[in-house]
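Note that the structure is a prediction, hence the values are computed from the model and not measured. Chain letters run A, B, ... following the sequence lines, proteins first, then strands; residues in each count from 1.
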Amino acid sequence: MLTLTLPTPAKFRFWVTVRGHGWSDLPPFGLDMAAQSLSRVLHLPDGLIVRCVISAADERATALEVQVTGVERLSRTQTDAITRMLRRCLDMDRDLTDLYALIHNHPRLAWIENLGAGRLLSSPTVWEDLVKTLMTTNTTWAMTIQMVTRIAALGDPVAGGGHAFPTPQQLAALSLDELSGAVRAGYRNAYLYELATRIASGELEVESWRDADLPSAELLRRIKALKGFGDYAAGNLLRLLGHFDRLATDTVCRAVYQERINGGIAAQHDREIAAYYEPFGRWRGLVQWMDVMELTLVSA
DNA sequence: GCGTCCAGGTCTACC
DNA sequence: GGTAGACCTGGACGC
């Protein structure tokens, strides 16, 4: 086992980031609640597959400890790749200064700054975030976990158990029937297969969607052009890509708006919810998600 | 064990 | 632009 050190930015809170949304429940991420550690199987650009277990000495630690298994030694290039991928997963390069200034004296949202919340765990690739988002649509969270677990099992195995997340090429190499039988995602199977085959063939390129210069409107257009990605799914993916000027309103968001914001009265239309978050400007999507996660994060 | 109902978001056809 | 119905899975429930 090798140990790496990952310096953290100021005000970075490891466990709050890990618990910031449900991705940590989905393989090839894994949680050890007792040890407060996050595991992740990484498929490095050179093909090497390793398992990383990330932990912090305490919540205000200035560096994370990363234990790497599945390999006896790492080259400088491989170490840099692991560091780069984990920094991306843990949203370490996000500057939340403006958000914290916006909500500094807000009676209901000041907890976000106090807790150091606002970073979202994401996947190393846009492809993986697309697949996982698709598997959250029109289903329960328990079902999402089951479907993603079955998808992850189609990836390359790692020493010690578990798999790397499969590449688009690996899923595209199957027939639709084979994929459907393995994943059991219902009508989503066809959408997943189309996504994988279009990326694998080179017709669709999604990794550049992390480019910060890509306007939200253009990114939204590209995402919604994909089969199976409607308003909610597109909003969710935009959030994971760091675009917070769109909402991702689902049933949980509607319930939170009704119960904790609007005095028990349901919104007449999603436009009413959109109007509520409008004053938060380019941060509105993140504020909406923080409203959903408040009880989980404050009690974590 | 079997049948029925239900939850979830998106797509398509239709008005 | 708005709406209805179909799409799937598996858990919950009643018998």
**Request:** Using the salt bridge (charged side-chain N to carboxylate O under 4.0 Å, His left out) rule, take A/R40 and A/E128 through it: C-alpha gap first, then chi angles, then the decisive distance, then the call.
**Result:** CA-CA 13 Å; A/R40 169 73 207 194; A/E128 183 179 326; 2.8 Å; yes

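- Here the side chains of A/S122 and A/D91 are not in contact, with every heavy-atom distance at 4.5 Å or above.
- A salt bridge links A/D231 with A/K224: at least one charged nitrogen is closer than 4.0 Å to a carboxylate oxygen.
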**Request:** Between protein and nucleotides 10-15 of chain B, map the contacts as a letter string: B base, S sugar-phosphate only, - none, heavy atoms under 4.0 Å, written 5' to 3'.
**Result:** SSS---

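- Each end of the helix from B/dG1-C/dC15 to B/dC15-C/dG1 gets its own axis from five base pairs, and the two axes differ in direction by 30°, given to 10 degrees.
- Taking atom NE2 of residue A/H269 and atom C1' of nucleotide C/dG1, one finds them 9 Å apart after rounding to whole Å.
- Look at CZ on A/R254: it is 14 Å from P on B/dA7, rounded to the nearest Å.
- Across all strands shown, A/D250 has heavy atoms under 4.0 Å from sugar-phosphate atoms exclusively, and none from any base.
- A donor atom on one side chain and an acceptor atom on the other are found under 3.5 Å apart for A/T97 and A/D95.
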Using atom names, set out every protein N or O paired with an N or O of nucleotides 10-12 of chain C below 3.5 Å, distance rounded to 0.1 Å.
unit_1 : atom_1 : unit_2 : atom_2 : d
C/dG10 : OP1    : A/R150 : NH2    : 3.4
C/dG10 : OP1    : A/R184 : NE     : 3.2
C/dG10 : OP1    : A/R184 : NH2    : 3.4
C/dG11 : OP1    : A/Q146 : NE2    : 3.2

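- Between A/E59 and A/R13 there is no salt bridge, since no side-chain nitrogen of the basic residue lies less than 4.0 Å from a carboxylate oxygen of the acidic one.
- For the pair A/E207/A/I199, no side-chain contact is recorded, criterion being any heavy-atom separation below 4.5 Å from C-beta on.
- One interatomic measurement links the two molecules: CH2 of A/W141 to C1' of B/dG8, which rounds to 13 Å at whole-angstrom precision.
- Listed by chain and number, the residues in a ring-ring contact (aromatic ring centres under 6.0 Å, His included) with A/W209 amount to none (sequence neighbours excluded).
- A/T251 has a side-chain polar atom (N or O) that falls below the 4.0 Å cut-off from OP1 or OP2 of B/dG9.
- In this structure, A/F29 CZ and A/C52 SG are separated by 10.5 Å, a value rounded to the nearest 0.5 Å.
- Nucleotide B/dG9 holds its C1' atom 10 Å from the CG atom of A/L134, rounded to whole Å.
- For the residue pair A/N262/A/Y276, the side-chain donor-acceptor check at 3.5 Å is not satisfied.
- Every residue two or more places apart in sequence or in another chain that forms a side-chain contact (heavy atoms from CB on, under 4.5 Å) with A/T139 is listed here: A/M143, A/T144, A/M147, A/R188.
- Qualifying ring-ring contact (aromatic ring centres under 6.0 Å, His included) partners for A/F280, counting only residues two or more places apart in sequence or in other chains: A/H106.
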